[in-house]
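No hydrogens, no waters, no symmetry mates; every other heavy atom, side chains included, goes into these values.
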Amino acid sequence: MTRTSQRVLWVLRILSAVLLLATGGIHLYLALNGVGGILGVMFILNAIAGLVLAIAMVALRGRMLQAAAVLSLLFLIATLGALVLALTVGLFGIHQDWNFTLVPETVIVESIGIVVLAVTTAMVLRAPRE
């Protein structure tokens, strides 16, 4: 791997971590500001997962980084998928609308996160083993 591609990978890893933190932060904000019950608990767990995966994206190397990148990508896909289901047909009896707090922002952050993490994951999986 060339020096330039190593730098690009580091930038992508940091950007991935920031987007994971943003996703987790949105869910933490919602859990602490009115979303209660089982959904609030799920949002707290989402925030914790976002934090753990963000740390993993910048702290791990080798095969562990590969696993963290794949898990982070799947995490954001699942999170956005759950929101889309809640917006359309409902999820676990929860129906959401576009006017709820931070819904449009969440869709934007998570969509960008999926694209960035897809590129990051591809680069991490193609990188030579350390």
query = What is the distance from atom CG of Leu30 to atom CG of Leu102, rounded to the nearest 0.5 Å?
reply = 5.0 Å
request  = List the atom of Val89, the atom of His95, and the distance in Å for their closest heavy-atom pair.
outcome  = O-CE1, 3.0 Å
message = Please determine whether residues Ile112 and Leu80 belong to a single hydrophobic cluster, defined as Ile, Leu, Val, Met, Phe, Trp and Tyr linked transitively by side-chain heavy-atom distances below 4.5 Å.
response = yes
task = Apply side chain to side chain donor-acceptor pair (under 3.5 Å) to Thr79 and list each qualifying residue two or more places apart in sequence or on a separate chain.
result = Asn46
query = Is it the case that Arg7 places NZ or CZ above or below the six-membered ring of Trp10, under 6.0 angstrom from the centre and within 45 degrees of the axis?
reply = no
request  = Hey, could you give me the CD1/OG distance between Ile77 and Ser72, rounded to the nearest 0.5 Å?
outcome  = 11.0 Å
Contact summary for Gly24 and Ala47, nearest pair of heavy atoms = O-CB, 3.3 Å
request  = Mind listing the closest non-hydrogen atom pair of Gly40 and Ala31 along with its distance?
outcome  = O-CB, 3.7 Å
request  = Locate the shortest heavy-atom distance separating Met57 from Ala69; write the atom from each residue and the value.
outcome  = SD-CA, 3.7 Å
task = Using atom types as modelled and distance alone, determine if a side-chain donor or acceptor of Thr120 lies under 3.5 Å from a backbone N or O of Arg13.
result = no
ask   = Could you go step by step and tell me if Glu110 and Ile26 meet the side chain to side chain contact (heavy atoms under 4.5 Å, CB included) rule?
value = CA-CA 10 Å; Glu110 291 177 357; Ile26 289 169; over 6 Å; no
query = Hey, mind stepping through Val52 and Phe75 against side chain to side chain contact (heavy atoms under 4.5 Å, CB included) and telling me if it holds?
reply = CA-CA 11 Å; Val52 169; Phe75 168 74; over 6 Å; no
ask   = Should Leu15 and Leu19 be marked as a side chain to side chain contact (heavy atoms under 4.5 Å, CB included) after you check the CA-CA gap, both sets of side-chain angles, and the distance that decides it?
value = CA-CA 6 Å; Leu15 187 55; Leu19 289 162; 4.2 Å; yes
query = Among the clusters formed by ILVMFWY side chains lying less than 4.5 Å apart, do Val109 and Phe100 turn up in the same one?
reply = yes
inquiry  = With a 4.5 Å cut-off on side-chain heavy-atom distances among I, L, V, M, F, W and Y, is there a chain of contacts connecting Ile38 to Leu85?
reply    = yes
request  = Would you give the length of the straight line joining atom CG of Asn33 to atom CZ of Phe43, rounded to the nearest 0.5 angstrom?
outcome  = 12.0 Å
message = Show the nearest heavy-atom pair for residues Val124 and Leu9, with the distance to one decimal.
response = CG2-CD1, 3.7 Å
request  = List the atom of Val103, the atom of Asp97, and the distance in Å for their closest heavy-atom pair.
outcome  = CG2-O, 3.8 Å
Gap between atom CG of Leu117 and atom CG of Leu20 - 0.5 Å precision = 5.0 Å
message = If hydrophobic clusters are built from ILVMFWY residues whose side chains come within less than 4.5 Å, do Ile108 and Leu87 share one?
response = yes
inquiry  = Do Tyr29 and Val18 land in one hydrophobic cluster if side-chain heavy atoms of ILVMFWY residues count as linked below 4.5 Å?
reply    = no
key: Leu28 side, atom CG; Thr23 side, atom OG1 - distance, nearest 0.5 Å   = 12.5 Å
ask   = Rounded to the nearest 0.5 Å, how far apart are CD of Gln6 and CE of Met123?
value = 9.5 Å
